[in-house]
Amino acid sequence: MLAAWLGMAAAVSAQDAGAPRQALDDAWWTGPMLANSAETLPRGHVLVEPYVYDVASKGTDAFGSRAYVLYGLTDRLTVGLIPIIGYTRVSNEPDSAGIGLGDQILQAQYRLTRFHEGGWLPTLALQLQETLPTGRHDRLSRASDGMGGGAWATTLGLNAQSYFWMPNGRLLRARLNLTRTFNGHAGVTGASVYGTGPGFRGTARPGDAFYLGASLEYSLTRRWVLALDVFRSHGGATRVDGRTDPPGALPEPVRTRLGGSDAYGYAPAVEYSWTPNLGVLFGLRVVAGGHGTRHSLTPAIAVNLVH
């Protein structure tokens, strides 16, 4: 996949001899809706990018916000956190009791290489994320209050980014993300996001996950950018083990396996920047198909600020 991506982009770049090239600093970007950058912040600089969105599927609206708060610890190493909150509205069932915390994420990214005009090597970076099980996942009085998974999770990723020039001289920025997530065990009591009932006690072990995403951004003008993400994800099966204690009856062992999931889709977006360090994005993520996952539409708006 990476070789094909680089080959396609190199072919595009090779066609630019007849038109003047847009300068790299003439294009202002906010980033596409989904694909992470392979760049790191200069030492001492801060990026804040809050997203507000609605994951709309049949009978459900999961409103949420996640914000990327990142700091350049060195020129090659960026660290930060991704706070997440949410509220779910469900048809014919109780809505969430209130806005709740999701599972929060700590992130570090180390840049290995950097793109230079005239060279073939893209910017490459290693990314590490640790998911903290802060979201409510069990002891639920209503299913819509479930905002987390209850398990620690470690995600390792490789991010790539490069620039190419279209035949008309305009810039095209390409990104590629590959990640693998390793999930731990979650203690579960009562009704939970794993489908257990009020009398249950035990554990759940979500399956490990894989994600592949790519994006293209076209610099229409200095301020306006058109973007498109495509993605494919897979989540392994979840094991649930424990027992139920029905009132007035003997405990019963429970051992279930929740099937894995696959999803694919795309996310078109429009970016507008007032300055090189301040912009806004309007996007729509479409989960178009897969297995064990709901089709959904997720409109989102994000503001990108670098200081």
Side-chain angles (χ1 to χ4, degrees), residues 5 9 22-42 45-53 64-72 75-84 105 107-111 113-115 122-127 129 155 157-164 166 170-179 211-231 265-286 298-307:
W5 173 69
Q22 181 184 11
L24 286 172
D25 60 4
D26 184 61
W28 296 347
W29 320 86
T30 69
M33 185 174 177
L34 303 179
N36 291 321
S37 174
E39 274 292 353
T40 48
L41 292 168
H45 286 249
V46 176
L47 178 146
V48 179
E49 185 176 21
Y51 278 76
V52 179
Y53 53 84
S65 173
R66 69 165 55 206
Y68 294 82
V69 183
L70 306 177
Y71 175 75
D75 287 346
R76 284 181 175 263
L77 178 62
T78 292
V79 298
L81 67 155
I82 307 174
I84 301 170
I105 299 172
Q107 177 174 297
Q109 180 157 295
Y110 183 77
R111 177 169 51 80
T113 65
R114 170 166 281 171
F115 170 84
T123 301
L124 295 171
L126 297 177
Q127 186 179 81
Q129 292 184 338
T155 299
L158 174 66
N159 297 332
Q161 177 174 289
S162 197
Y163 298 85
F164 311 97
M166 299 295 288
R170 304 301 298 179
L171 273 167
L172 186 73
R173 187 167 77 171
R175 288 180 176 177
L176 183 69
N177 296 162
L178 297 168
T179 68
Y211 179 87
L212 169 63
S215 74
L216 292 173
E217 296 170 276
Y218 175 69
S219 177
L220 195 63
T221 69
R222 169 183 283 186
R223 298 175 185 270
W224 289 98
V225 174
L226 303 179
L228 178 66
D229 287 276
V230 293
F231 65 90
Y266 54 93
V270 176
E271 308 168 25
Y272 179 80
S273 296
W274 291 278
T275 72
N277 298 325
L278 177 62
V280 64
L281 173 142
F282 301 92
L284 176 68
R285 187 193 68 174
V286 180
T298 305
I301 181 173
V303 175
N304 182 286
L305 172 64
V306 178
H307 177 70

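Source: prediction; values computed, not measured.
Atom OG1 of T30 sits about 12.0 Å away from atom CG of L305, to the nearest 0.5 Å. Note that CG of L281 and CG of N304 are 9.0 Å apart. Values are rounded to the nearest 0.5 Å. From Q107, atom CD reaches atom CG of L70 across 5.5 Å, with rounding to the nearest 0.5 Å. With rounding to the nearest 0.5 angstrom, the CG atom of N177 is 7.5 Å from the OG atom of S215. In this structure, H307 NE2 and Y71 OH are separated by 11.0 Å, a value rounded to the nearest 0.5 Å.
Formation of a donor-acceptor pair under 3.5 Å by the Q22 side chain with backbone atoms of L171 is found in this model. Judged by distance alone, with hydrogens and angles left aside, the side-chain atoms of D26 form no donor-acceptor pair with the main-chain N or O of R222 at under 3.5 Å. Between the T221 side chain and the W224 main chain, a donor and an acceptor come within less than 3.5 Å of each other. Y163 contributes no side-chain N or O that, together with a main-chain N or O of P122, makes up a donor-acceptor pair within less than 3.5 Å. A donor-acceptor pair under 3.5 Å links the side-chain atoms of R175 to the main chain of A35, judged by distance alone. For the pair T298 (side chain) and L284 (backbone), a donor-acceptor distance under 3.5 Å is absent.
Partner of Q109 under the side chain to side chain donor-acceptor pair (under 3.5 Å) criterion, chosen from N159, N36, T78: N159. Applying the side-chain contact (heavy atoms from CB on, under 4.5 Å) test between S37 and each of R173, Q127, Q161 identifies Q161 as the sole match. With R111 as reference, T40 is the one residue of D75, T123, T40 to meet the side chain to side chain donor-acceptor pair (under 3.5 Å) rule.
In plain terms, the two heavy atoms of A38 and A125 that are nearest each other are O-CB, 3.2 Å. Considering every non-hydrogen atom in both F282 and V280, the closest pair reads CE1-CG1, 3.9 Å. Annotation for R223 and W274: closest pair NH1-O, 2.7 Å, computed over non-hydrogen atoms. Closest heavy-atom contact between L172 and M166: CD2-SD, 3.9 Å. Closest heavy-atom contact between G283 and M33: C-SD, 3.7 Å. Nearest heavy-atom pair, V52 versus S65, reported as atom, atom and distance to 0.1 Å: CG2-OG, 4.4 Å.
Taking the six-membered ring for Trp, Y266 and F231 have ring centres at least 6.0 Å apart.
Residues Y272 and V225 fail the side-chain proximity criterion, which asks for heavy atoms closer than 4.5 Å. Using a 4.5 Å heavy-atom threshold, the side chains of L34 and Y211 count as touching. Residues V48 and V303 are not in side-chain contact: their nearest non-hydrogen atoms beyond the backbone lie 4.5 Å or more apart. Using a 4.5 Å cut-off on side-chain heavy atoms (C-beta onward), Y53 and R66 make contact. The shortest side-chain heavy-atom distance between L226 and L228 does not fall under the 4.5 Å cut-off. At least one side-chain heavy atom of W29 sits less than 4.5 Å from a side-chain heavy atom of S219.
For the pair R114 and E39, the salt-bridge criterion is met [side-chain N within less than 4.0 Å of a carboxylate O].
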Which is it for Y68 and L81 under the side-chain contact (heavy atoms from CB on, under 4.5 Å) test, yes or no, and what are the steps along the way? CA-CA 6 Å; Y68 294 82; L81 67 155; over 6 Å; no
Quick one, V306 with E49, criterion side-chain contact (heavy atoms from CB on, under 4.5 Å). Give me CA distance, side-chain angles, the key distance, then yes/no. CA-CA 9 Å; V306 178; E49 185 176 21; over 6 Å; no
